[in-house]
Amino acid sequence: RRFTVTQAYKNKPKSDSKKAAAPADTSSWYPAEDVSKPIPSRKSNHKPTRLRESITPGTVLIVLSGRFRGKRVVFLKQLESGLLLVTGPFR
């Protein structure tokens, strides 16, 4: 016999929320053989970026992003974090 959508919901057995679920039989559960290992973080393996040989203190560079995009700056040094310390732009 076919039911309409509303009839199907009316005939659906109601679950009693007050009943406690029967505890699962733990003896039939076995751990998987291929237990996943946590993936090591790459944050501790941080190396500063390697600079081009042509970039030396006093070299004029062009900023590629941010507010001063396209402006010329003078390279001073590379910080421990890998960022480049520059001075400028002066125009």
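- Its side chain within the 4.5 Å cluster rule, Leu84 clusters with Leu51, Ile55, Leu61, Val63, Val73, Phe75, Val86 among the Ile, Leu, Val, Met, Phe, Trp and Tyr residues.
- The hydrophobic clustering, which links ILVMFWY residues whose side-chain heavy atoms are closer than 4.5 Å, places Leu76 and Leu83 together.
- Partners of Thr87 under the side chain to side chain donor-acceptor pair (under 3.5 Å) rule, at least two apart in sequence or in another chain, do not exist in this structure.
- Of all non-hydrogen atoms in Leu64 and Arg69, the two that sit nearest each other are O-CG, 3.5 Å.
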